[in-house]
> 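Right, I'll just put the structure down here and ask away after.
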Amino acid sequence: MEKAYKLLALQEKISNNEAKALIDNGLVSVGGKKIVVARGELSEKSVFNILKVAKPKVIFEDENIIAINKPPFTISEKIAKDFKFTLLNRLDKDTSGVLLLYKNEEFGKIAINEFKNMRVKKTYIAMVKGIISEELHIDNPIITIKGKGGAYSKISPQGKSAISDIYPFMISGKKSIVRVDIKTGRTHQIRVHLANLGYPVIGDEKYGKNSSKRMFLHSYKTEILDYKFIAELDNSFNEFGFEIPKILNF
């Protein structure tokens with residue numbers, strides 16, 4: 001038996017730090033099961049599979065803003081660093097879709113004010129466990145606790161206002177594809193709201209206690225000021241019997 005990251009480093013001929021980072025980012029599996037603990041011990045005969053991560057794709061760029069289709073398993077702050085501009089919004093590492101960077105301070109102040117005053121329209125696509133066949137309006141406040149293990153949110157009367165509108169889109173077996181419009185942007189808002197209703201996002205290990213090759217949550221459309229950005233869905237959403245076009249009519 002040996003630590004997972006050391007075995008991976010040997011198999012891939014990379015450094016221990018690189019191997020640990022791959023595991024920490026949720027990109028490594030053995031026998032179809034994701035490796036969660038880099039220091040966990042595995043058989044020396046283990047064969048690792050590494051998920052390839054797509055590169056961020058620029059959707060739009062002008063003198064004020066860059067809109068990017070962020071792939072899952074990437075950190076928003078790293079993308080901002082690579083592009084050398086400032087984040088306007090932030091997506092969780094495992095969430096894909098519209099990520100915005102601003103290019104000058106004057107525009108940044110105006111755009112940030114739009115977010116603060118809840119004048120930004122945000123539409124997400126999620127694949128969830130369970131059958132959602134009717135529209136749902138969720139108005140449950142959320143409180144976020146930040147600790148060494150990262151942020152954790154929960155519904156609480158002491159929390160801040162959090163509003164999500166859920167619209168059914170497709171059903172396959174016991175899974176549903178839904179559109180989610182959010183009027184607020186609390187940490188992990190969609191994941192917390194859906195899990196609380198009993199419809200956790202597929203692949204949401206923190207709130208849904210279920211694993212998959214990715215978390216199926218995608219920031220599909222963002223409208224701010226006179227801009228409208230759409231991030232195409234990738235083919236991963238066509239698993240489990242779904243056939244979803246990359247561009248949707250809403």
Side-chain angles (χ1 to χ4, degrees), residues 26 70 72 75-77 80 86-100 102 108-169 175-212 214-225 227-229 231 250:
K70 171 192 169 301
I75 297 171
S76 296
E77 287 80 1
T86 308
L87 284 173
L88 185 54
N89 68 321
R90 181 185 177 280
L91 298 178
D92 297 334
K93 181 186 72 175
D94 295 327
T95 301
S96 55
V98 179
L99 183 72
L100 303 178
Y102 64 87
K109 288 179 181 178
I110 295 170
I112 289 168
N113 194 52
E114 292 296 294
F115 275 97
K116 285 182 178 178
N117 288 285
M118 295 189 290
R119 290 194 290 260
V120 180
K121 295 181 180 179
K122 293 165 281 185
T123 296
Y124 284 72
I125 303 297
M127 184 191 300
V128 303
K129 280 191 171 184
I131 296 173
I132 297 180
S133 57
E134 61 183 5
E135 296 180 7
L136 301 169
H137 175 75
I138 309 170
D139 185 357
N140 288 327
I142 288 175
I143 190 169
T144 300
I145 300 140
K146 295 183 179 180
K148 292 181 179 179
Y152 184 86
S153 296
K154 63 180 180 179
I155 291 172
S156 168
Q158 285 75 45
K160 295 181 179 179
S161 171
I163 300 170
S164 304
D165 288 312
I166 316 295
Y167 301 91
F169 184 61
K175 296 179 177 66
S176 302
I177 299 286
V178 296
R179 165 185 146 206
V180 185
D181 292 348
I182 58 173
K183 297 177 181 175
T184 51
R186 308 305 174 202
T187 301
H188 305 160
Q189 174 176 323
I190 295 173
R191 296 161 63 187
V192 171
H193 275 169
L194 285 168
N196 184 67
L197 285 177
Y199 303 111
V201 175
I202 302 294
D204 184 356
E205 296 177 355
K206 178 172 283 190
Y207 301 104
K209 302 295 186 288
N210 70 87
S211 61
S212 184
R214 66 158 292 183
M215 185 172 72
F216 287 91
L217 182 61
H218 180 82
S219 175
Y220 178 70
K221 181 169 66 176
T222 300
E223 296 179 66
I224 179 171
L225 298 168
Y227 296 96
K228 180 170 75 172
F229 306 112
F250 48 70

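The figures that follow rest on heavy atoms only: side chains count, while hydrogens, waters and symmetry mates do not.
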> Rounded to the nearest 0.5 Å, what separates atom CG in Leu100 from atom CG in Leu87?
9.5 Å
> Is the side chain of Ser176 donor-acceptor paired with the backbone N or O of Gly130 at a distance under 3.5 Å, no angle test?
yes
> Check the pair Lys122, Val98 against side-chain contact (heavy atoms from CB on, under 4.5 Å), reporting the backbone distance first and the verdict last.
CA-CA 9 Å; Lys122 293 165 281 185; Val98 179; over 6 Å; no
> Rounded to the nearest 0.5 Å, what's the gap from OG1 on Thr222 to OH on Tyr124? Could you check?
6.5 Å
> So does Thr95 get a backbone contact from the side chain of Lys70, meaning a donor-acceptor N/O pair under 3.5 Å?
yes
> Are the side chains of Asp94 and Arg214 in touch, meaning some heavy atoms are under 4.5 Å apart?
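Answer no - side chains too far apart.
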> Please list, one pair per line, the donor and acceptor atoms closer than 3.5 Å that link side chains of residues 156-163 to other protein atoms, with sequence neighbours excluded.
unit_1 : atom_1 : unit_2 : atom_2 : d
Ser156 : OG     : Gln158 : N      : 3.1
Ser156 : OG     : Gln158 : OE1    : 3.1

> Only counting residues at least two apart or in another chain, list the ones meeting salt bridge (charged side-chain N to carboxylate O under 4.0 Å, His left out) with Asp92.
Arg90, Arg191
> Does NZ or CZ of Arg179 come closer than 6.0 Å to the centre of the six-membered ring of Tyr167, within 45° of the ring's axis?
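Verdict for Tyr167: a cation-pi partner in Arg179.
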> Looking at Ser219 and Leu91, what are the two nearest heavy atoms and their distance?
CB-CD2, 4.0 Å
> Evaluate Phe115 against Leu88 for side-chain contact (heavy atoms from CB on, under 4.5 Å), listing each step before the verdict.
CA-CA 9 Å; Phe115 275 97; Leu88 185 54; 3.6 Å; yes
> Report yes if the side chains of Asp165 and Lys183 come closer than 4.5 Å at any heavy-atom pair, otherwise no.
yes
> Over 60° means perpendicular and under 30° means parallel, so tell me whether Tyr220 and His218 are parallel, tilted or perpendicular.
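Tilted.
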> In terms of heavy-atom contacts, does NZ of Lys93 have more than 12 from other residues, nucleotides or ligands at under 6.0 Å?
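Enclosed.
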> Rounded to the nearest 0.5 Å, what separation is found between the CD1 atom of Ile132 and the CZ atom of Phe169?
14.0 Å
> About how many Å separate CG of Leu136 and CG of Leu194, when rounded to the nearest 0.5 Å?
8.5 Å
> Quick one: closest heavy-atom pair of Pro168 and Ser133, and the distance?
CG-C, 3.8 Å
> To the nearest 0.5 Å, tell me how far Lys228 NZ sits from Lys221 NZ.
5.5 Å
> Test side-chain contact (heavy atoms from CB on, under 4.5 Å) on Ile177 and Phe216 and set out the steps.
CA-CA 9 Å; Ile177 299 286; Phe216 287 91; over 6 Å; no
> For Ser76 and Leu99, which heavy atoms make the closest approach, and how far apart are they?
OG-CD1, 3.6 Å
> What I'd like to find out is whether the side chain of Met118 reaches to under 4.5 Å of the side chain of Thr184, using heavy atoms alone.
yes
> Would a distance-only check, ignoring hydrogens and angles, find a side-chain to backbone donor-acceptor pair under 3.5 Å from Ser164 to Ile138?
no
> Partners of Tyr102 by ring-ring contact (aromatic ring centres under 6.0 Å, His included), sequence neighbours excluded?
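For Tyr102 there are no ring-ring contact (aromatic ring centres under 6.0 Å, His included) partners, ignoring immediate neighbours.
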> Do any N or O atoms from the side chain of Asn210 and from the backbone of Gly203 form a donor-acceptor pair under 3.5 angstrom?
yes
> Under a 4.0 Å N-O cut-off, is there an ion pair linking Lys206 with Asp204?
no
> Decide yes or no on side-chain contact (heavy atoms from CB on, under 4.5 Å) for Ile142 and His193, but give the supporting numbers first.
CA-CA 9 Å; Ile142 288 175; His193 275 169; 3.8 Å; yes
> Nearest 0.5 Å please: distance from the CD atom of Glu114 over to the CZ atom of Arg119.
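It comes to 4.0 Å.
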